[in-house]
Amino acid sequence: MLGAVIPVHEYSSTDYCGKDIDPPYVPYVYSLAFAVDQINKKTALLPNVSLGYVIVDSCGKDVTGLLHALEFLPKNKSCSNQTGIGDAYPDVIGVVGGRFSSVTQQMALLLGPFQIPQISYFSTSDELSDKNKFPYHLRTILPNRVQVEAIVEFAQHLNWTYISLLYVDDDYGKSGAAGIRREADSKAMCIAVDRSIPKGALDENLYDAIVDDLMREPHARARLIVIFAFKTEASGVMKALQRARAEGMFTLLASDGWADFVDEFRGVEEIGFGTLSLKSYSNTIPEFNNYWRSLTLKDGSQNPWFLEYWEYYIQKCVRPPGENKTATSPSANTGCSANTEFLFANHPDVLENSMINDAVYAFAFALDSLIQERCGMVKHVRDCIAGPALLPYLRKVSFAGSSGQVEFDHTGDIKGKYMISVYQRSDESGENDFVRFGSWDTVTRDWKLSIERIQWRRAAGDQSLPTSECSRPCARRHSVALHELHCCWTCIPCQVNEILATNDTGCQACPPFSWPDDADDYRCVPIPDEYLRWSDGQSIAVSIAVALGLIASLGVAIVFVRKRNEKLIKACSRELSAIMLGGIALSYVMTLSFIAQPSCGICWLRQIGFHLSFTLLYAPLLTRTVRIYRIFEGAKTAVRRPRFTSTIAQIVIVCAIIGLMVCKCSLRNENLHALSWQ
């Protein structure tokens with residue numbers, strides 16, 4: 001006989017069990033019974049051996065599950081015979097369940113010392129992989145550590161680097177949250193809001209406070225909210241988001257604790273639309289779904305919870321006031337006829353029952369091997385079946401289960417893959433439902449995604465992938481000012497003459513005579529020389545003008561030399577006029593230096609030649625003007641000519657002025673040259 005623990009009624013924080021039935025889990029009861037019935041019909045599996053079962057209700061609470069697990073412990077036969085109560089307890093060879101990790105762990109701590117094997121079908125806590133603590137526990141679902149890897153890798157695959165994390169405050173939620181923190185840190189992702197929710201919490205103020213935190217800047221930039229909890233807590237968050245009018249602001253990602261629970265989206269469809277779910281791969285069992293949809297009210301006579309389930313969905317059968325909900329006879333209810341044909345014709349496929357089915361078949365295959373190898377000569381087969389003997393066979397089973405190949409590793413876990421679904425309008429039914437769009441294989445670590453199938457809840461016509469990041473990448477030549485979280489930063493533009501530092505956390509100015517490279521934000525390049533080329537139109541025009549000016553100067557010089565003894569030439573201060581003519585010619589020549597390619601020599605020539613040419617022009621003119629003035633002024637008071645008015649004296653004065661100019665220009669050039677090297 002197998003024992004089974006299923007949360008048929010809802011969790012209650014104040015009582016051992018809630019008053020209302022938990023509809024999604026009632027099919028689990030029939031799934032286990034159906035699997036046992038199918039095994040008993042097989043001739044090749046457990047021949048001449050009938051498998052039985054007993055199912056208890058854990059109500060999703062660890063204390064209640066532990067209390068019922070006491071019924072599965074082996075009884076002392078001598079005490080049983082004396083008290084007469086021993087026969088009321090089932091003699092189980094193993095236990096299937098429970099559904100929640102907190103319940104499963106308490107049961108495993110109790111069943112382990114009594115060497116009773118246990119296979120859970122939906123408990124994912126990583127602690128259950130500890131064989132020193134839970135040596136007799138196995139499971140047909142992937143553990144949390146693999147689930148959190150899938151969640152974080154999926155977020156990274158979509159380039160979502162800034163997320164929020166909400167988790168239920170129990171073993172399931174705490175271990176999952178710890179795993180997400182660890183994986184997110186290794187993937188350079190950041191968590192904006194990290195908050196726990198008491199299990200079964202119904203306080204609206206609690207959820208409103210959480211949503212206020214989610215919507216506060218910069219937390220609101222974390223568009224992806226991972227909810228590692230159960231349906232009660234997830235429903236509370238969605239209702240709070242609806243009260244805050246946060247439709248379309250966030251994308252929810254459901255852990256397997258509440259994934260695919262469509263009922264929880266009733267009334268909050270606008271918030272829930274686009275919710276992503278990630279859960280262990282489970283498959284429908286067509287034979288069971290046909291059986292399930294063919295059930296009538298009469299078929300529920302052996303199930304004390306069937307009538308409650310039927311009333312929850314159909315609400316056609318009304319019991320008289322005060323009648324016990326666990327009535328096993330439909331005819332005992334005046335509002336229900338024993339002949340009522342009740343068909344679940346439109347009931348959706350039951351998915352998670354494939355993992356329950358695999359757990360039952362794992363026990364069946366292990367028992368079959370044990371009986372064939374060790375119980376051939378035993379009169380009563382049950383006498384040779386014990387936990388220590390059965391456990392090695394359980395760990396060695398290998399068969400094609402409903403959810404894939406079932407094989408347990410050294411920690412009692414299985415390998416498999418995850419399904420990824422999105423809550424949106426189904427093309428098949430036309431109604432909102434979870435639609436699969438991808439999977440992740442935990443062995444090959446390959447993703448198979450059809451992102452284009454997702455109907456993102458965005459602005460009209462916008463089906464682009466939503467973002468979930470604290471800060472957008474900075475534009476070019478913007479430094480990064482990091483905040484407390486490495487995913488958040490402020491972009492600061494660099495000045496026009498600055499480049500980025502190597503780590504992008506600052507800007508630095510380029511050296512003199514260099515400029516930021518247009519192609520590389522981290523490199524300065526020399527500023528290219530800009531000057532006139534000889535082939536430019538302006539250069540050609542200037543060159544022609546210079547040539548004409550030099551020709552004219554040469555013509556004047558020739559005339560000046562030939563007529564040098566004429567009185568007119570002598571009267572014009574012949575020597576000083578010759579110097580002025582040389583200055584004019586030099587000014588023409590110096591114009592060409594401003595067209596030539598710049599160099600140290602050219603620049604020196606420009607500085608000296610430009611000033612020299614005008615000094616040669618104006619120094620003689622100034623000297624001659626002063627000479628004439630002194631001669632006329634001197635004639636008024638004296639007969640003798642003033643001193644230093646001779647030709648030689650005038651030339652010396654002009655040369656002195658020219659020498660002073662050359663010295664001054666040379667000193668200025670030295671200063672400019674020294675400055676250019678700083």
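Atoms considered below: every heavy atom in the structure, side chains included; atoms not considered: hydrogens, waters and symmetry mates.
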Which heavy atom in [X] sits nearest to a heavy atom in [Y], and how many Å separate them?
X	Y	result
Ile285	Ser402	CD1-OG, 3.6 Å
Arg476	Asp520	NH2-N, 4.1 Å
Asn503	Thr505	OD1-OG1, 2.7 Å
Ala244	Val211	CB-CG1, 3.7 Å
Gly60	Lys199	O-NZ, 3.0 Å
Ser403	Asp358	N-OD2, 3.3 Å

Is there a side-chain contact between [X] and [Y], using heavy atoms and a 4.5 Å cut-off?
X	Y	result
Gln105	Asp62	no
Ile141	Ser123	no
Ser255	Gln147	yes
Ile191	Arg181	yes
Leu276	Phe437	yes
Trp489	Cys474	yes
Tyr162	Cys488	yes
Ser58	His68	no

Exam field: side chain [X] to backbone [Y], donor-acceptor pair closer than 3.5 Å:
X	Y	value
His219	Asp213	yes
Glu10	Thr232	no
Asp171	Ser102	no
Gln106	Val103	no
Arg221	Cys470	yes
Gln118	Gly97	yes
Thr104	Gly98	yes
Thr442	Gly416	yes
Trp447	Asp441	no
Arg99	Val8	no

Could you tell me whether [X] atom [atom1] has more than 12 heavy atoms of other residues or ligands within 6.0 Å of it?
X	atom1	value
Arg245	CZ	no
Lys448	NZ	no
Lys231	NZ	yes
Asp518	CG	no
Glu452	CD	yes

Which residues satisfy the ring-ring contact (aromatic ring centres under 6.0 Å, His included) test with [X], sequence neighbours excluded?
X	answer
Tyr167	none
Tyr281	none
Phe228	Tyr172
Phe273	none

**OP:** Walk me through it: do Ser421 and Arg436 pass the test side-chain contact (heavy atoms from CB on, under 4.5 Å)?
**Re:** CA-CA 4 Å; Ser421 307; Arg436 295 186 189 180; 3.4 Å; yes

Measure the spacing between [atom1] of [X] and [atom2] of [Y] and express it to the nearest 0.5 Å.
X	Y	atom1	atom2	answer
Phe122	Ser282	CZ	OG	7.5 Å
Ile492	Ser479	CD1	OG	4.5 Å
Ile21	Trp305	CD1	CH2	9.0 Å
Ile227	Ser277	CD1	OG	12.0 Å
Met107	Leu70	CE	CG	10.5 Å
Phe434	Asn432	CZ	CG	10.0 Å

Subject >> side-chain contact (heavy atoms from CB on, under 4.5 Å) assessment of Leu166 paired with Arg195 >> reply: CA-CA 5 Å; Leu166 306 178; Arg195 297 189 60 164; 4.1 Å; yes

Subject >> Side-chain ion pair, Arg145 and Glu149, N-O less than 4.0 Å >> reply: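 Salt bridge between Arg145 and Glu149, a charged N being under 4.0 Å from a carboxylate O: no.
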
Subject >> Where at least one partner belongs to residues 489-507, residue pairs that pass salt bridge (Lys or Arg N to Asp or Glu O under 4.0 Å), sequence neighbours excluded >> reply: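 Qualifying pairs: none.
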
Original post:
Applying the side chain to side chain donor-acceptor pair (under 3.5 Å) test to Arg139, which of Ser280, Ser129, Ser120 qualifies?
Top reply: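 With Arg139 as partner, side chain to side chain donor-acceptor pair (under 3.5 Å) holds for just one option, Ser129.
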
Original post:
Can you say whether the rings of Trp292 and Phe288 are parallel (under 30°), tilted (30 to 60°) or perpendicular (over 60°)?
Top reply: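 Trp292 vs Phe288 ring planes: parallel.
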
Ignoring hydrogens and angles, write down the donor-acceptor pairs under 3.5 Å from the side chains of residues 150-161, residues two or more places apart or on other chains.
from: Glu153; atom 1: OE2; to: Arg445; atom 2: NH2; distance (Å): 3.0
from: Trp160; atom 1: NE1; to: Pro466; atom 2: O; distance (Å): 2.7

Original post:
Among side-chain atoms of Asn144 and Thr124, is any donor-acceptor pair under 3.5 angstrom?
Top reply: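 Yes, a side-chain donor-acceptor pair sits under 3.5 Å.
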
**OP:** Determine whether the aromatic ring centres of Tyr11 and Phe100 lie less than 6.0 Å apart.
**Re:**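 Not under 6.0 Å, so no.
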
**OP:** May I have the step-by-step check of side-chain contact (heavy atoms from CB on, under 4.5 Å) for His9 and Asp22, ending in yes or no?
**Re:** CA-CA 5 Å; His9 283 84; Asp22 209 349; 5.9 Å; no

Subject >> Verdict with reasoning, Glu431 to Asp433, per side-chain contact (heavy atoms from CB on, under 4.5 Å) >> reply: CA-CA 6 Å; Glu431 298 180 353; Asp433 199 355; 5.9 Å; no

